[in-house]
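Just below is one structure, and these are the notes that go with it.
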Amino acid sequence: MLGAVAVLIPYLSKKARKTVFSGAYRLLRPRFSPLTRHVLRLMETLLEHLKAENIESELEKLISLVLAYLPYDEKKPDDTITAALQLMRNCLGKLVGCPKLWTKVLPSAFEAASGYLILDSKCSEDVAELLIQCIYSHVDQSIFVTKESGCDAEDSIDGAAIKSICLSINKKLRKCASPPQNVLKIVLAMFLKLGESSYVFMKDILLTLSRLGSKIHKEPHLKNVEECIGAAIVAMGPDKIHSLLPLSFEEAWFTCSNMWIVPILNKYVYGASLQHFLEYIVPLAKSLREASSRAKKARKCKELQGWSDQLWNLLPAFCRYPSDVYQNFGSLSKLLLEMLKSDRCLYKPASKGLQQLIDGTRRLSSSDEDVEVPAEVSALFSSKTSNLSCVSLQRCSKKDARKSMKVLASHSVDLLCTFADDFLESSEKRAHLKDALRSLAQISGSANICNLFLSLLKKCGLEDTPSTPENLECEANEVDGKGEENTDSTVEINNKRSLLMELISTLAEAADEDVLDLFFGFIKSSLLDSSKSCESKALFALSTILKEHHEYSLAQLDEIMMLLHGIKPDSNNAVLEGQLVCYKYLLVHMIKVNEESTSKKAFLILNELILALKSKKESRRLAYDVLLAISTSLRNSELNNGDSDLQRLFTMVMGYLSSPSPHIVSGAIAALSLLIYTDADFCVEVPNLIPSVLVLLQNKAIEVIKASLGFVKVLVTSLQSEKLLGLQADIMTGILPMSSVTKHHFKGKVILIVEILIRKCGFDAIDLVTPEKYKEIVRSVEEGRKGNNNNPADGAQSEAKDPEHHAPKRGKWADSNAEPLQDEGKKEFFVKGAGKPHFRGGRGRGRGQQHGRASGDRGSFRSRSEAQSGDGQSSRGGRPRGRGGFNRTRGRGGGMGPSSHSPRFKKPRTAAAS
């Protein structure tokens, strides 16, 4: 009957619903019975259709019955406990006219349900989640701010309820040797909900957690305890934490208490006071350092120094959105300079802290939303903390941030000059000072940056650095005439110039046009210098300008292109990398502006990248990385249409497919292979892309066919099955004529592609679009996939069994389909990266070559996991086939695009083999 009534509730009148409610809730008993589930379900349904004012007294009685049912009993099913708590939560939500009812209900609910919180079950998680929801819904931490109300928070009705809940939780924590995870979830939520008021109500819980943390050594439990203590730090602030858990140094015994909390402070201090760091942490750190010099034992000395360094390393944490920047930054700036000049490694926390302070304050002052800091803090906790509300974080207001910015800017020039001097003088500090310098430059202003750079030029003796080629040539002749006596001074000047290049890379982001002219003139003079001493550093500095200032880059485009085109990297990979990175930013800027005046220069850059794809191994890797970065910069998921930037890049690369040079064509195909791998679905939308590459399978040049097969393999590997269904006919028609050519492993590559297509689209779909003359080989591939022992290429297998017998015929290809390859193959050709030319034909082939050929053919027709699809020679760069046989070339193929030994390629660098 109860089940039937629950279904009929929506169709009953208000009076009938009230009558049902008044009679049904009395059926709920403290013990489980066959009616319990039905009563709870019926009450939930009735609550959805009744107004609270009509049944207020009945709701309070129902809550009392629910609380009587909650105490732990192993005979009570878990789902009924969860349902009872949900009903209680919904009843409290209905009773908006009784806002203080929770103060009576929640303490009793926590006490009654605490028996389930220590269980390791789904019910325990659900109970904890429901109790947390009740806390977030009904507890208002703002009422505990006692300064305005003038009353004691603990003596108020709300305070008494919270105190009772905290006592119940603390009692449960004390009884357990290992703190239950779900109890800790509630503790964490209460710390973050109560904020600073948690110092009044939860100090005993914090002390219990500190004792538990010292006893626990298992990682999951220890992490949960540390998160709870971290929540206490966020809520109370480090000053109140230290009043409960003081960091005190006993000079007589050389011991320091509670140092275990320092790493937790380092992670969870947000919105703290700089004054607390200056007045509490700094004196303690100095005392520990002084005591280490008095310690007689080396181990104790090292321990004291370690404690001191841990305390100094808290500075970046206290610089995360501090609440008193404009009051205390003057004192902090003096301490920063003192730390910077210290003979120890205090410059590290000083640099990181200053960067953290400036970046955070700038972010707050320019942000339109005030939720940024709480969101950042919430990310520290594994539990959901969507209702994070801490007074200490709310102090980080936009108004205060703007005041702080003015104070920071007033001290920035002195700090910038000091940090820049240390940057030039100390190689040890340099890497750590860069970020701080970059942040200081953002608030110092371009005029101050310009003055600083000019003063550094004068200090380094480079203020008269020539900026024209004529002056550079004259200076070079003068140096040559003086002989070797100036060698040492020249090296010193070059070192200073390199350091200034690094400084430009750091300051360029904040520079305006006048400062950029100054920087660019200095970079240009270094690039035109005949000694080429700091070419890589100059290119890196130039790339920073190009990255951060696209308008300036396009304004100076002609001069920049002239400089880059005149650089000859030779064997210097750092120079080549810098050159390609500069090309990357220029090409991205030019494609985005899409102006006809820059299109010619864009093609010049693309030409350099394609040539790099066909050069030595390291150059190929760099070129592929740059091409990937360009593709990533241009990709815009919202603009995948005919006018998108990425499509323009595809179209530009496709323009090289009509080049008369096979070298350029194969490089362009290799570039397309990488681009479609990063975004295979997009390639289908580029007009004529796939047909333009498939038609190149009829080309006479071997390297073009290799690259085209590699493109097809990447295409079928990367595309989803539904996208391949519309392309499979064109792909099969394009690749199957190459299935009769066993030279260069073409046949094995075709079979691997067919195998991938069958696996993705199904044999029937592939067989349907296969021309009649090639159906046999497709069927043999399918049989091979199913584990059939029959080899899909009997001719190749028989040749593999007797390599010596067939060796003389290798230079005489009888297949009519391969005649063009024979003529092309007899010519001298160079494998990319090779040091020696190789010749096609029957002469000069040793047994190792024959064995490599035969073994390669056998490998081509194995299962897909073993199929070898590449020409090992072309990827290894000049290793003749006669040396090493199959074992040295297996799996290192170069003709299959981004990977030749697997249906999917592992790293972008492998793509260089195409």
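These numbers come from the heavy atoms of this one structure, side chains and all, not from hydrogens, waters or symmetry mates. A quick note: this is a predicted structure, and the numbers were derived from the prediction, not measured.
Judged by distance alone, the side chain of Asn266 and the main-chain N or O of Leu314 form no donor-acceptor pair under 3.5 Å. One N or O on the side chain of Lys300 and one on the backbone of Phe254 form a donor-acceptor pair closer than 3.5 Å. Side-chain N or O atoms of Tyr199 include none that pairs as donor or acceptor with a backbone N or O of Ala232 at under 3.5 Å. The closest donor-acceptor contact from the side chain of His550 to the backbone of Leu546 lies at 3.5 Å or more, if one exists at all. Without hydrogens or angle criteria, Ser426 side chain to Phe423 main chain gives no donor-acceptor distance under 3.5 Å. A donor-acceptor pair under 3.5 Å links the side-chain atoms of Ser308 to the main chain of Ala285, judged by distance alone. Side-chain N or O atoms of Asn448 include none that pairs as donor or acceptor with a backbone N or O of Asn451 at under 3.5 Å. Checked by atom type and distance alone, the side chain of His242 pairs as donor or acceptor with a backbone atom of Pro238 at under 3.5 Å. Checking side-chain atoms of Ser631 against main-chain N and O of Leu627 turns up no donor-acceptor pair under 3.5 Å. Using modelled atom types, no side-chain atom of Ser342 and backbone atom of Met339 make a donor-acceptor pair closer than 3.5 Å.
Closest non-hydrogen pair, Arg344 versus Asp309, comes out as NE-OD1, 4.4 Å. Across Ser505 and Thr544, no two heavy atoms sit closer than the pair O-CG2, 3.3 Å. Closest heavy-atom contact between Phe318 and Ala272: CD2-CB, 3.8 Å. Counting all heavy atoms, side chain and backbone alike, Leu564 lies closest to Gln579 at O-NE2, 2.9 Å. The shortest non-hydrogen separation linking Leu539 to Cys582 is O-SG, 3.4 Å. Between Asn573 and Leu622, the shortest heavy-atom contact is O-CD1, 3.9 Å.
Taking the side chain as every heavy atom from C-beta outward, Phe419 and Ser351 approach each other to under 4.5 Å. In this structure, Phe540 and Val581 have side chains that are not in contact, with every pair of non-hydrogen atoms separated by 4.5 Å or more. Contact annotation: the side chain of Lys434 never approaches that of Leu503 to less than 4.5 Å [non-hydrogen atoms, C-beta and beyond]. Residues His589 and Val593 form no side-chain contact, since every pair of their non-hydrogen atoms from C-beta on lies 4.5 Å or further apart. You'll find the side chain of Leu380 stays beyond 4.5 Å of the side chain of Glu227, heavy atoms only. Side-chain contact between Val588 and Asp645 is absent, with no heavy atoms from C-beta onward closer than 4.5 Å. At a threshold of 4.5 Å between non-hydrogen side-chain atoms, the residues Leu357 and Phe329 count as touching. Side-chain contact between Leu247 and Ile261 is present, with heavy atoms from C-beta onward closer than 4.5 Å.
Partners of Tyr583 under the ring pair (Phe, Tyr, Trp, His ring centres under 6.0 Å) rule, at least two apart in sequence or in another chain, do not exist in this structure. Here Phe520 pairs with nothing under the ring pair (Phe, Tyr, Trp, His ring centres under 6.0 Å) rule; sequence neighbours left out. The ring pair (Phe, Tyr, Trp, His ring centres under 6.0 Å) check on His432 picks up Tyr347, with sequence neighbours excluded.
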(message) Could you go through Trp307 and Val262, starting from their C-alpha distance and side-chain angles, then the distance that decides it, and tell me whether this counts as side-chain contact (heavy atoms from CB on, under 4.5 Å)?
(response) CA-CA 9 Å; Trp307 288 341; Val262 172; over 6 Å; no

(request) May I have the step-by-step check of salt bridge (charged side-chain N to carboxylate O under 4.0 Å, His left out) for Arg320 and Glu376, ending in yes or no? (result) CA-CA 11 Å; Arg320 288 196 289 254; Glu376 188 175 332; 6.0 Å; no

(request) For the pair Ile523 and Ile545, evaluate side-chain contact (heavy atoms from CB on, under 4.5 Å) and give the outcome as yes or no after the intermediate values. (result) CA-CA 11 Å; Ile523 293 170; Ile545 294 176; 3.7 Å; yes

(request) Just do the side-chain hydrogen bond (donor to acceptor under 3.5 Å, both in side chains) check on Ser257 and Ser248 with the steps written out, would you? (result) CA-CA 5 Å; Ser257 61; Ser248 56; 2.6 Å; yes

(request) With side-chain contact (heavy atoms from CB on, under 4.5 Å) as the test, would you mind laying out the steps for Gln275 and Asp239 before giving the verdict? (result) CA-CA 10 Å; Gln275 183 179 3; Asp239 49 345; over 6 Å; no

(message) For a side-chain contact (heavy atoms from CB on, under 4.5 Å) check, start with the C-alpha distance between Tyr321 and Gln356, then their side-chain angles and the critical distance, and finish with the verdict.
(response) CA-CA 8 Å; Tyr321 311 108; Gln356 194 103 14; over 6 Å; no

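No close placement of the Phe519 and Tyr552 rings is indicated, their centers lying 6.0 Å or farther apart.
Relative to the six-membered ring of Tyr585, Lys547 misses at least one condition, a distance below 6.0 Å or an angle of at most 45° to the axis.
Here Lys352 contributes atom NZ and Asp435 contributes atom CG; the two are 10.0 Å apart, rounded to the nearest 0.5 Å. How far SG of Cys319 is from CG of Leu336: 7.0 Å, rounded to the nearest 0.5 Å. The line from CG of Asn495 to SG of Cys534 is 9.0 Å long, rounded to the nearest 0.5 Å. From Lys537, atom NZ reaches atom CD1 of Ile504 across 12.0 Å, with rounding to the nearest 0.5 Å. To the nearest 0.5 Å, the span separating CG on Leu315 from CG on Leu274 amounts to 8.0 Å. Note: Ser536 OG to Leu576 CG = 11.5 Å, rounded to the nearest 0.5 Å.
Contact check on Lys267 versus Glu226 returns no salt bridge, with no Lys/Arg side-chain nitrogen under 4.0 Å from an Asp/Glu carboxylate oxygen. Salt-bridge formation is not detected for the pair Arg430/Asp422: no Lys NZ or Arg NE/NH1/NH2 atom is positioned less than 4.0 Å from an Asp or Glu carboxylate oxygen. Using a cutoff of 4.0 Å between basic side-chain nitrogens and carboxylate oxygens, Lys459 and Glu425 are scored as salt-bridged. In summary, Glu338 and Lys286 engage in a salt bridge, as defined by a charged side-chain N under 4.0 Å from a carboxylate O. In this structure, Asp625 pairs ionically with Arg621, as a charged nitrogen and a carboxylate oxygen lie closer than 4.0 Å.
For Lys458, the NZ atom is loosely surrounded, since the number of other residues' heavy atoms within 6.0 Å does not exceed 12.
Side-chain contact of Ser273 with Ser323: a donor-acceptor pair under 3.5 Å is absent, judged by distance alone.
Among the candidates Thr361, Leu364, Ile358, the single residue satisfying the side chain to side chain contact (heavy atoms under 4.5 Å, CB included) test with Met405 is Thr361.
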